[in-house]
Novice: 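The structure is given below, and queries will be raised subsequently.
Letters go in sequence order (proteins before strands), and every chain restarts at 1. Side chains are part of it too, since the values below use all heavy atoms of this structure and drop only hydrogens, waters and symmetry mates.
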Amino acid sequence: MISVIISLPIMLILSVIQSVAVGRINIMSGSADIILLAIVSLGVTEENRNIFIWALVGGIFISFISAMPAAAVITAYLVVAGITWIVQKGIWQSPILAILLSSFIGTVAKFSIDIIALQIIGVSIDFPAAIKMTLAPNLILNLFILFPIHSLMGDLAKWISRKEEYEG
Amino acid sequence: MNSISRRTLRYVVAFLFIIGLILLSLGGVIRPFLGIVMDPFVTAQRWLSERFMALYDFFTLPRDVTELLQRNAQLENELSHLQSQVIQLQEQLRETEVLYSLLDFARSRPQDQYIAAAVIGKDPSPFLHYVIIDHGSDDGIQYGMPVVTQQGLVGRVAAVTASASRIRLITDPESVVNVRLQGQNEDALAEGSITGDVTLGMVSQNVILNPGDILLTSGLGGNYPTDILVGQVVNVEKTENELFQTASIQPVIDFAALRAVLVIKNFKTINIQPLLPVPAQ
C-alpha cells in the first residue's frame, strides 16, 4: 500500500522534471525518458511488487502533459513494466544486465508503440528519420542517466520494502 | 681645608671632563670612536632581533592562518552569495529584455491584443513538438489562438486548462501553416515533421525559389493572422517530373531557447471545414 501511495508524488515529480528539464536536453530529436528508466529501475529490484501500478501512475501523469494519445502513453509504460518483469524474473537474474536489457528493449518497445499510435491518429512519419533522429539518441541518453536513476530508485525500493515489512 | 679643596678639584675636573665630552660629541669628534664601540652591540642586537621575530612568527603565524582561513571562508561565502545574486539579476535582465522585445512587437501591431506567457515545459514525447505555457482559460486563452514572439510565428494553442496551455509549434508533424513568399504573390504550405524540420510544400514549379527567401503567414485557412514572419528558405528541391517543388525552411525562432510567448487573443480562428467541397459518393 505504501508503494502505491508513494508512487503518486514520485511519479508526479518525475513527470515535471521530464517536462521541464530532461525533455529539453536533446541529442538531435531524442531525449531521455526518466519515467521509463524509473519503471525499469524499480522493476529489476526484488523489493518492488507494484511495478505495474507505478507504470500506470507514470503513464497517467505523462498523458496529462503530452499531446500523445493517453492510451498509447499508458500502454507503452505498462509494456515497459511487463518487459522488465519478464527480464528480471524469467531471463536474467543479474540486476545490471537486466536493467541494461530492460531499458534497451523498453525504449524500443515504447518507440514502436508511439509510432503505431501516431500512425493511427494520422501523423505522417518518416520511419528511417525517426530511427536515426529519435530512437538512437533516446537509447544513448537513456543509457547515460540509467545508473543514477537506478541507484536512486533502488534506494527508494529498499525504503518502501522496509516500511511495508514494518507495517505488515 | 686641604681635603675639601682636593675633593672640589676632583668634581671640577670631572665636570670639565663631562663638559668636554659633550662639546666633543656635539662637534662630532667622538662619533668614530663611538661607532667602533657600538657597532658590535648593534650587530648583535640586530641578529638577536631577527631570531626573536622569526621565533615569534613561528608561534603566532598558525593562529593568523586560522584567522585568515576563517576570513577567507567568510569572503568566499559572501562571494558565492553575490555570484548567485548576479546570476539572478542576469536572469531577470534576460527576462526583461525578452519582455521588452515582446512589448516592442506588440506595439508594432496595435491591431492585435496579446497575452504574454512564460514557457514552463515541453512535451515529453520526442515525436511531438509542443510547449506548455503558464497561462490558461482563466487568463482568456482559448483553443486555436495563434502564438507569436517578437521574432515570428511560434504556433497555436492546442489544449487549454484553467492555468496552463499546450502550444503546438510549427515544427510539429501535425502543424500546417499557410504561407506566402515575401515579394511574390505565391502561396505555399509550411509543414512540420517528427524530426522538427519544417518543409515548404505545394509550391508550383513555375515559382523561382531561392535560398534566403522570406516566408510570411498568408492568412489562408483562417488559422493565423497575415504577415507574421515564419522563416526563410534554406534548400530548394526541384525535380522536373514532380508537380510541386519543395524546400527546407529555417524557422526564425530558436524553439530550444523559447522562454516567453505572446498569445494573440483577439484573433478568431475560422473553421472552414463546412465550406470545403465534399467528395462525391
Side-chain angles (χ1 to χ4, degrees), chain A residues 14-36 58-59 61-70 72-73 76-77 107 110-111 113-119 121-139 141-142, chain B residues 118-134 136 143-144 147 154-176 189-199 201-202 237 246 248 251 253-260 273:
Chain A
L14 289 178
S15 304
V16 171
I17 292 171
Q18 176 70 34
S19 173
V20 172
V22 179
R24 289 183 175 185
I25 302 166
N26 293 338
I27 295 180
M28 292 188 276
S29 296
S31 59
D33 187 339
I34 56 170
I35 301 290
L36 182 146
F61 282 134
I62 287 292
S63 65
F64 285 145
I65 302 168
S66 178
M68 283 289 287
V73 177
Y77 287 127
T107 305
K110 186 174 180 297
F111 171 86
I113 292 166
D114 285 351
I115 290 281
I116 292 165
L118 290 171
Q119 292 279 11
I121 61 172
V123 176
S124 63
I125 290 168
D126 179 1
F127 198 70
I131 291 175
K132 185 180 159 191
M133 303 289 282
T134 308
L135 178 61
N138 276 6
L139 286 166
L141 285 168
N142 279 350
Chain B
V119 175
I120 56 167
K122 183 181 177 293
D123 194 303
S125 171
F127 300 105
L128 303 177
H129 301 268
Y130 289 78
V131 292
I132 297 157
I133 60 170
D134 65 347
Y143 174 82
V147 181
V154 173
R156 59 195 294 230
V157 177
V160 188
T161 65
S163 56
S165 307
R166 192 161 57 217
I167 310 299
R168 179 187 293 143
L169 305 178
I170 58 168
T171 52
D172 185 76
E174 286 188 271
S175 168
V176 179
L189 294 178
E191 296 172 296
S193 67
I194 57 164
T195 56
D197 298 325
V198 183
T199 309
M202 305 293 281
E237 286 179 31
T246 59
S248 301
I253 292 168
D254 178 9
F255 291 104
L258 196 60
R259 300 166 67 87
Q273 208 64 36

Novice: Side chain, backbone, both or neither: which part of Ile132(B) has an atom under 4.5 Å from a heavy atom of chain A?
Specialist: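 Contact with chain A: side chain only.
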Novice: Is Met68(A) in contact with chain B via its backbone, its side chain, both, or neither, using a 4.5 Å heavy-atom distance?
Specialist: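 Backbone plus side chain of Met68(A), per the 4.5 Å heavy-atom cut-off to chain B.
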Novice: With only heavy atoms counted, which part of Asp126(A) is less than 4.5 Å from chain B, the side chain, the backbone, both or neither?
Specialist: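 Looking at Asp126(A), just its backbone touches chain B.
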Novice: Hey, which of Asn26(A), Ile121(A), Val123(A), Ile125(A) has the most heavy atom pairs under 4.5 Å with chain B?
Specialist: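 The answer is Val123(A).
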Novice: Between the side chains of Ser66(A) and Asp123(B), is a donor N or O closer than 3.5 angstrom to an acceptor N or O?
Specialist: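 A donor-acceptor contact under 3.5 Å links the two side chains.
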Novice: When you measure from the centre of the six-membered ring of Tyr77(A), is the NZ or CZ of Lys110(A) closer than 6.0 Å and no more than 45° off the axis?
Specialist: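 Yes, Lys110(A) sits over the ring of Tyr77(A).
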Novice: With a 4.5 angstrom heavy-atom cut-off, is it the side chain or the backbone of Thr195(B) that approaches chain A, or both, or neither?
Specialist: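 Both parts, heavy atoms under 4.5 Å.
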Novice: Which atoms of Val131(B) come close to chain A, meaning under 4.5 Å heavy atom to heavy atom: side chain ones, backbone ones, both, or neither?
Specialist: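 Answer is neither: Val131(B) stays 4.5 Å or more from chain A.
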Novice: Relative to chain B, which segment of Ile65(A) carries a heavy atom at a distance below 4.5 Å: side chain, backbone, both, or neither?
Specialist: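 Both parts, backbone and side chain.
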Novice: Does a donor on one side chain and an acceptor on the other come within less than 3.5 Å for Tyr130(B) and Arg166(B)?
Specialist: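 No, Arg166(B) and Tyr130(B) have no side-chain donor paired with an acceptor closer than 3.5 Å.
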Novice: For a side chain to side chain contact (heavy atoms under 4.5 Å, CB included) with Leu169(B), tell me which candidate from Val154(B), Leu128(B), Val147(B) qualifies.
Specialist: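 In the set Val154(B), Leu128(B), Val147(B), the residue that makes a side chain to side chain contact (heavy atoms under 4.5 Å, CB included) with Leu169(B) is Val154(B).
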Novice: Return the CD1 to CD1 distance between Ile17(A) and Ile35(A), rounded to the nearest 0.5 Å.
Specialist: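 It comes to 8.5 Å.
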Novice: Examine whether an atom of Phe64(A) lies under 4.5 Å from a heavy atom of chain B, and if so say whether it belongs to the side chain, the backbone or both; otherwise answer neither.
Specialist: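 Answer is backbone: N, CA, C or O of Phe64(A) sit under 4.5 Å from chain B.
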Novice: Atom CG in Asp114(A), atom CG in Leu118(A): separation rounded to 0.5 Å?
Specialist: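 Asp114(A) atom CG to Leu118(A) atom CG measures 6.5 Å (nearest 0.5 Å).
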